[in-house]
Asks: 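Structure in structure tokens, see below.
Chain letters run A, B, ... following the sequence lines, proteins first and then strands; every chain starts at 1. All values below were derived from every heavy atom in this structure, side-chain atoms included, with hydrogens, water molecules and symmetry-related copies excluded. The structure displayed is predicted, hence computed values, not measured ones.
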Amino acid sequence: MYRKQVRRRRAVLALLIVASFVLLSVTYGTGSRGLQRGVSTIFSPVQSVADRALKPARDLVDWFDETFDAKGENSRLKAQLIVAREQAVAGQEALQENAQLRKLLELEASPALAASAFEQVTGRVIARSPTFWNSSLTIDLGDGDGVRVDDPVISGDGLVGRISSVGPGSAQVMLLTDHASAISAKVVPPGVQGAIKPEVGNPEDLILDFIDSTKEVRRGMTVVTAGWRAQSLASHFPAGLPIGEVTRASPVEQEASQQVHVRPYADLRNLDFVGVLTGGSR
Amino acid sequence: MILTPWIVVRIVAIAMLGVILQLSFFSQVELFHVNPDLLPALVVCLALLGGSTTGAVCGFAIGLFVDCLLVGALGISSLVLLGVGWSAGLVRERFEVHGLLTPALLCMGLTLAAELGFAVIHVLLGIDAPISPLIVRDMLLKSVYAFLLAFPIYLGVRRALRPALVEEPRLRRRREPTVLGA
């Protein structure tokens with residue numbers, strides 16, 4: 001009797017392990033869209049309600065966390081403020097020059113402003129992946145809102161990621177910090193191009209890889225989306241969306257591995273609302 | 001554990017509540033830049049009360065539910081959490097589990113094991129990005145949070161499944177007989 005019970009238990013375990021491997025083999029890279037769409041459709045209203053109900057509790061926990069961070073943040077912000085003041089003065093001059101040059105070159109009519117083709121829809125974050133290996137969010141926008149796979153997702157600070165899958169009432173956002181994420185970007189002003197990739201497990205550090213090591217990239221420079229276009233092909237991202245600023249750019253690393261480190265502008269760990277840019281090139 | 005249809009319904013409700021809480025609350029809050037992971041601890045508690053088969057089935061189902069809601073590759077969370085459930089169930093079947101410290105320590109250890117399991121599977125499947133050493137800190141902090149979360153989870157799950165527990169000691173102390181007039 002006992003042996004029979006043990007055999008049955010082992011059979012259940014073996015069956016579950018085999019089922020896991022089969023699911024993994026069948027759905028890895030493609031996903032089981034039917035099943036997942038169904039479950040996601042059923043539970044996204046529940047998640048939405050839970051998200052709203054738990055918001056005060058989340059804010060309370062965040063308040064504790066932010067209090068710990070505030071002390072260190074304060075001194076860093078003071079230093080940044082001094083730099084920002086200097087940049088603001090320089091920026092005013094640059095704006096004047098820019099306006100004159102725009103008028104001169106009539107950039108308004110050129111395809112460089114293709115970003116205006118995008119329309120923004122705002123959504124609420126209703127769930128988040130528990131593991132840093134899959135860095136994703138669920139938002140309460142679906143295909144009925146015009147959201148499509150690969151649409152860029154932004155916050156008030158800059159690029160957040162892109163839509164990885166869409167259901168009727170919810171969509172998944174693959175964050176910049178997901179290991180499968182790679183976005184073409186460039187450093188301004190030098191215009192050095194590369195691919196923004198994450199460093200898994202560190203949400204405050206992105207890597208701008210495959211850059212031209214002959215051009216100098218310095219700390220504090222801004223990284224934006226490259227937004228390339230080649231004949232009928234075009235990037236999913238409009239050009240010039242802010243991604244982050246260069247935090248580490250050692251000449252040795254640039255020469256040896258053709259990469260610099262970038263801190264994203266968007267606070268990817270604390271997102272309540274995001275905007276999806278719909279209607280771009282697909 | 002005596003599994004009646006009503007108890008199965010309760011387990012399903014606990015699992016669903018746990019997953020919704022994880023995705024809508026715990027994954028979105030951070031303490032020291034790390035968000036707690038409730039699910040391995042929940043699976044450990046279910047396995048400690050139900051045994052290895054119940055633990056494995058619950059782990060598999062909870063993992064599948066999470067993967068479905070996150071629209072990722074199915075099977076990764078199922079595989080890791082079924083391992084967690086099975087291991088916790090084996091501990092329960094081979095040793096006497098008394099008090100709350102053992103479940104809490106098991107939750108801590110098996111959460112760390114689950115994080116390592118996720119890491120191994122993802123590395124085996126291929127990651128086209130460098131891995132930060134900060135993940136070690138994340139793993140350790142997640143297991144510490146699991147230790148702290150284990151107390152309310154274990155008490156809550158045990159209370160919810162009390163009618164099915166065979167060895168549950170009687171909690172209400174019998175009133176001592178008194179002599180009339182004393």
Asks: Can you tell which of G85(B), C68(B), P133(B) has the highest number of heavy-atom pairs within less than 4.5 Å of chain A?
Replies: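 Option with the top pair count is C68(B).
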Asks: From L70(B) CG over to L137(A) CG, what is the distance, rounded to the nearest 0.5 angstrom?
Replies: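 That separation rounds to 10.0 Å.
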Asks: Which answer fits Q172(A), side chain, backbone, both or neither, if we ask what part of it has an atom under 4.5 Å from a heavy atom of chain B?
Replies: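 Just the side chain, heavy atoms under 4.5 Å.
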Asks: If I measure from the heavy atoms of chain B, does S129(A) come under 4.5 Å with its side chain, its backbone, both, or neither?
Replies: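 Both backbone and side chain.
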Asks: Checking S78(B) against chain A: side chain, backbone, both or neither under 4.5 Å from a heavy atom?
Replies: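 Its backbone and side chain both get close to chain A.
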Asks: Given the rule in the side chain to side chain contact (heavy atoms under 4.5 Å, CB included) test, do L23(A) and F60(B) qualify, once you have shown the distances and angles that lead to the verdict?
Replies: CA-CA 11 Å; L23(A) 284 170; F60(B) 179 84; 4.1 Å; yes
Asks: Need one label for L54(A): side chain, backbone, both or neither, based on atoms under 4.5 Å from any heavy atom in chain B.
Replies: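 Its backbone and side chain both get close to chain B.
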Asks: Look up atom CG in L134(B) and atom CG in N202(A), then write down how far apart they are to the nearest 0.5 Å.
Replies: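 Reported to 0.5 Å precision, the distance equals 4.5 Å.
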Asks: Measuring from L16(A):CG to L79(B):CG, what's the distance to the nearest 0.5 Å?
Replies: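 CG of L79(B) is found 10.0 Å from CG of L16(A).
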Asks: Any idea which of H179(A), R58(A), E199(A) has the most non-hydrogen atom pairs under 4.5 angstrom with chain B?
Replies: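 The candidate making the most pairs under 4.5 Å is R58(A).
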Asks: Please state whether the side chain, the backbone, both or neither of L125(B) comes within less than 4.5 Å of a heavy atom of chain A.
Replies: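 Interface part for L125(B): both.
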Asks: Among D205(A), I17(A), L15(A), which residue forms the greatest number of heavy-atom pairs with chain B at distances under 4.5 Å?
Replies: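 Top count of heavy-atom pairs under 4.5 Å with chain B: I17(A).
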Asks: Can you tell me how far apart OG1 (T53(B)) and CZ (R8(A)) are? Round to the nearest 0.5 Å.
Replies: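 That separation rounds to 8.0 Å.
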Asks: Are there residues of residues 19-33 of chain B whose heavy atoms fall under 4.5 Å of chain A's heavy atoms? If so, which?
Replies: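 Only I20(B), L21(B), Q22(B), L23(B), S24(B), F25(B), S27(B), Q28(B), V29(B), E30(B), L31(B), F32(B), H33(B) of residues 19-33 of chain B have a heavy atom under 4.5 Å from chain A.
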Asks: Given a strict heavy-atom distance threshold of 4.5 Å, which part of V125(A) is in contact with chain B: side chain, backbone, both, or neither?
Replies: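 Its backbone and side chain both get close to chain B.
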Asks: If you compare all heavy atoms of V39(A) against all heavy atoms of F65(B), which two are closest, and at what distance to 0.1 Å?
Replies: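 Shortest heavy-atom separation between V39(A) and F65(B) comes out as CG1-CE1, 3.9 Å.
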Asks: Does some side-chain heavy atom of L69(B) sit less than 4.5 Å from a side-chain heavy atom of T138(A)?
Replies: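 Not in contact.
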